[in-house]
S.K.: 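To start, I am sharing the structure in question, which I have written as structure tokens.
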Amino acid sequence: MTETNRTRVDEFTEPKKYTDKLTGLIFSIYIVSLPILWNICHSLLLGKELLIVCTLLFCSILYAGTAISKSTGFSKQKFINISYADILIVLFSFILVFNSIKNGRLIFIPVEEWCAILAVYLLMRNIRCADIIPETLILSGTMQSAIVLFQKTGYMKSNNEWFEITGSFGNPGPLGGFLAICIVICLCRIYETRKQNKIIHSIYIIAAGTMLTAFCFADSRAAFIATAAGCSFYFFQTIRIFLKKHPHIIPIIGGILILSSILIFNYRGNSANGRLLIWRVCSEMICHKPFSGYGTASFGQDYMLHQAHYFETHPDSRFSQTADDTVYPFNEFLHILVELGIPGLSAIGVFLLSLFLSRSKNGTKRILKAGLIAYLCFSLFSYPNSVFPLFVLFGIFSGCIESRKVFKIPVSALTTGSLLILSVLICSVSIREIRFYYNGAKTLEKFFTGNSSEAILFSDRHYEQLKYSESFNNIYSMWLEKHPDIKKLSRLPAGCSNYCNIGKTYMLSEQYDYAEEYLKTASFMVPGKITPNYLLWQNSLQRGDTTTAITIAERILKQPLKAESTYTLRVKSEIRRFLETEQGKTQVPAQ
């Protein structure tokens with residue numbers, strides 16, 4: 001290549017490199033701050049939804065910037081490469097949207113969340129900033145570790161009164177998963193830099209030590225397994241070579257793995273059995289609708305009805321004392337299979353396969369694959385797709401790991417113009433949604449004031465869009481508990497507490513048959529809770545059915561409970577007095 005030609009190439013490539021680096025730097029700052037923003041937004045009504053739509057807006061703006069750079073000649077790129085992964089992610093998105101339309105749920109929060117992740121994926125595919133992602137995540141993980149240490153020493157409060165440390169998350173589970181991914185990436189970087197700059201190598205070691213300390217405090221079994229899986233993937237060749245040289249160690253390692261599995265399962269047995277129950281019920285749900293699934297976002301709305309049916313048909317199940325109101329399936333692949341059926345799981349499965357079958361051109365891509373393995377392994381036992389800062393990592397890893405190219409689309413003025421128009425359109429919709437959630441949060445705050453009429457009107461008008469928001473459901477159910485309304489209560493997601501409230505409302509209106517129906521279902525949902533049976537007992541007394549009341553009272557006294565409390569002791573004391581009184585009435589006086 002002549003000097004003139006080399007200069008012309010540099011004129012084209014340098015602006016492109018500069019644009020990608022700048023965009024990557026801006027996005028990296030956002031990644032680092034995302035867990036902190038998640039913490040701030042969680043303290044707001046509809047805060048999670050605001051963060052999701054803001055992310056969609058942010059990615060669209062950055063993507064529009066890349067489109068402008070192409071149209072202004074900053075880019076030498078003459079083709080847009082379409083890979084197998086791109087086709088499969090579009091196919092999965094089509095299945096998601098089609099499923100939403102089929103179930104009449106096109107506009108709702110989970111679709112917006114998937115759109116945000118898709119935007120992250122497309123941005124990563126275009127700006128090519130994979131080299132700075134590992135360092136970004138190591139920095140973010142170190143920051144979370146510092147927060148954990150401050151919480152452990154009492155200088156900061158956790159976000160959950162039940163747990164001493166949570167980082168920027170709601171509980172130690174997601175914190176452990178986030179740290180697991182960051183630790184895997186950091187350990188890989190330590191291995192890569194072992195023969196390079198000693199200062200950088202030492203910095204990675206310090207970061208890993210800090211994160212491992214915080215990781216131990218998080219005490220998450222799923223995160224521990226995810227860390228082991230991610231490291232095993234990255235060091236697979238090293239491990240394989242070592243075992244070839246020392247084959248006698250293989251049985252020892254096998255024994256250690258089996259023993260570790262048993263110890264991990266029994267470390268918190270109730271928690272493990274709780275997950276087994278959920279997976280058992282999910283398997284029955286899948287058998288009923290294996291292909292079509294139950295619909296997008298249906299799990300949180302309807303799962304508890306299936307759990308009630310399970311305990312009704314299996315009254316002696318060993319899981320009865322581990323059951324509780326369930327919001328997450330603790331397995332994201334089962335979650336997809338339940339909601340989207342075999343087509344949805346197949347699309348996402350082949351998509352992941354296409355990523356791992358692609359060759360890792362450099363060490364960074366291999367590190368990102370190890371991080372993705374950790375994420376996927378954590379997904380088998382937890383709910384990272386429901387924690388947005390973790391879910392974003394899926395889009396980042398997927399976008400940075402390129403799969404095999406299928407065909408190319410020429411970059412023309414029409415192509416770049418269309419992409420720019422699409423980005424502007426998404427930005428406009430995102431701004432509108434941000435305004436909706438911001439104004440909605442302000443309006444819903446009026447539930448806590450004396451004048452709640454505006455909040456009620458807003459909730460009724462926009463219920464179909466808001467009903468998939470966890471924060472909205474919490475606020476709405478709290479208000480309905482004090483202001484019972486059968487029609488509004490019936491719209492809330494099925495759950496033991498909600499069905500108990502519906503039963504109490506029917507009791508107040510003397511509709512005892514309806515009350516009994518809901519309270520019986522609630523008693524099957526969570527067999528270890530005393531409240532449904534206690535309300536059933538009260539319902540029988542109010543309708544004058546003393547015989548049934550005695551039967552229920554005797555059942556309550558024999559009922560095994562998850563935990564005793566002052567409330568359960570008070571209920572049992574009241575039941576005993578009732579039975580003693582009834583026995584006194586039926587006792588025949590001595591002649």
Side-chain angles (χ1 to χ4, degrees), residues 15-35 37-38 51-72 74-75 77 79-90 92-93 96 111-137 140 351 354-355 358 364-365 368 371-372 375 385 388-403 405 409 411 415-431 433-434:
K16 173 62 178 174
K17 289 180 180 179
Y18 175 77
T19 304
D20 280 355
K21 286 182 179 180
L22 180 60
T23 308
L25 178 62
I26 294 170
F27 189 74
S28 296
I29 294 170
Y30 183 75
I31 295 171
V32 171
S33 60
L34 190 56
L37 293 173
W38 174 258
L51 184 60
I52 289 170
V53 182
C54 285
T55 301
L56 181 59
L57 174 64
F58 180 73
C59 292
S60 299
I61 292 171
L62 291 181
Y63 194 85
T66 62
I68 291 171
S69 72
K70 288 178 171 58
S71 63
T72 54
F74 269 32
S75 174
Q77 188 177 356
F79 296 95
I80 297 176
N81 295 314
I82 304 299
S83 67
Y84 284 115
D86 298 332
I87 296 171
L88 291 164
I89 202 69
V90 169
F92 179 82
S93 301
L96 183 73
V111 167
E112 293 172 347
E113 192 167 8
W114 272 104
C115 287
I117 300 304
L118 181 61
V120 171
Y121 170 83
L122 292 174
L123 185 64
M124 292 295 99
R125 287 280 284 112
N126 280 272
I127 63 176
R128 304 179 185 278
C129 64
D131 290 339
I132 62 174
I133 294 298
E135 280 65 31
T136 302
L137 292 177
S140 187
F351 167 75
S354 71
L355 295 179
S358 64
T364 300
K365 295 293 175 68
L368 295 175
L372 182 57
Y375 180 93
N385 290 9
F388 191 64
L390 283 175
F391 199 12
V392 165
L393 296 183
F394 178 77
I396 293 171
F397 290 143
S398 302
C400 290
I401 303 168
E402 298 179 16
S403 66
K405 307 296 185 299
I409 298 176
V411 175
T415 307
T416 54
S418 301
L419 292 173
L420 184 58
I421 291 171
L422 180 61
S423 299
V424 171
L425 180 62
I426 293 172
C427 288
S428 302
V429 174
S430 299
I431 291 170
E433 289 296 293
I434 288 169

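Note that the structure is predicted; figures quoted are calculated from it, not measured.
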S.K.: Where the side chain of S354 meets the backbone of F351, is there a donor-acceptor pair that is under 3.5 Å apart?
M.R.: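 Indeed, once roles are kept as given, a pair shorter than 3.5 Å links the two residues.
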
S.K.: Quick one: are M124 and I133 in side-chain contact, heavy atoms under 4.5 Å?
M.R.: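 Result yes, sub-4.5 Å side-chain heavy-atom pair found.
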
S.K.: If you look at every heavy atom in V120 and G395, which pair is closest and at what distance?
M.R.: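 The answer is CG1-C, 3.9 Å.
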
S.K.: Working note: T364 + L368, criterion side-chain contact (heavy atoms from CB on, under 4.5 Å); need CA distance, chi angles, decisive distance, verdict.
M.R.: CA-CA 6 Å; T364 300; L368 295 175; 4.3 Å; yes

S.K.: Please tell me whether Y121 and W114 form a close aromatic pair, meaning their ring centres lie under 6.0 Å apart.
M.R.: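 Ring centres of W114 and Y121 not closer than 6.0 Å.
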
S.K.: Going by the rule ring-ring contact (aromatic ring centres under 6.0 Å, His included), which residues pair with Y375 if we only count those two or more places apart in sequence or in a different chain?
M.R.: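 Y375: ring-ring contact (aromatic ring centres under 6.0 Å, His included) contacts with F394.
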
S.K.: Which heavy atom in E113 sits nearest to a heavy atom in N385, and how many Å separate them?
M.R.: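 Heavy-atom minimum between the residues: OE2-O, 3.4 Å.
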
S.K.: Assess whether side-chain contact (heavy atoms from CB on, under 4.5 Å) is satisfied between E112 and L56, documenting all intermediate values.
M.R.: CA-CA 8 Å; E112 293 172 347; L56 181 59; 5.8 Å; no

S.K.: What do the steps show when you test L355 against F397 for side-chain contact (heavy atoms from CB on, under 4.5 Å), and what is the final call?
M.R.: CA-CA 10 Å; L355 295 179; F397 290 143; over 6 Å; no

S.K.: Between Y84 and S358, does any side-chain donor sit less than 3.5 Å from a side-chain acceptor?
M.R.: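 Distance-only check fails for Y84 and S358.
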
S.K.: Is the closest side-chain heavy-atom distance between T136 and S140 below 4.5 Å?
M.R.: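 No, every pair of side-chain atoms sits at 4.5 Å or beyond.
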
S.K.: What distance do D86 atom CG and S398 atom OG have between them, rounded to the nearest 0.5 Å?
M.R.: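 That separation rounds to 11.0 Å.
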
S.K.: Pairs of donor and acceptor atoms involving the side chains of residues 424-431, under 3.5 Å and at least two apart or interchain, shall be tabulated with distances.
M.R.:
| unit_1 | atom_1 | unit_2 | atom_2 | d |
| --- | --- | --- | --- | --- |
| S428 | OG | V424 | O | 2.9 |
| S430 | OG | I426 | O | 2.8 |

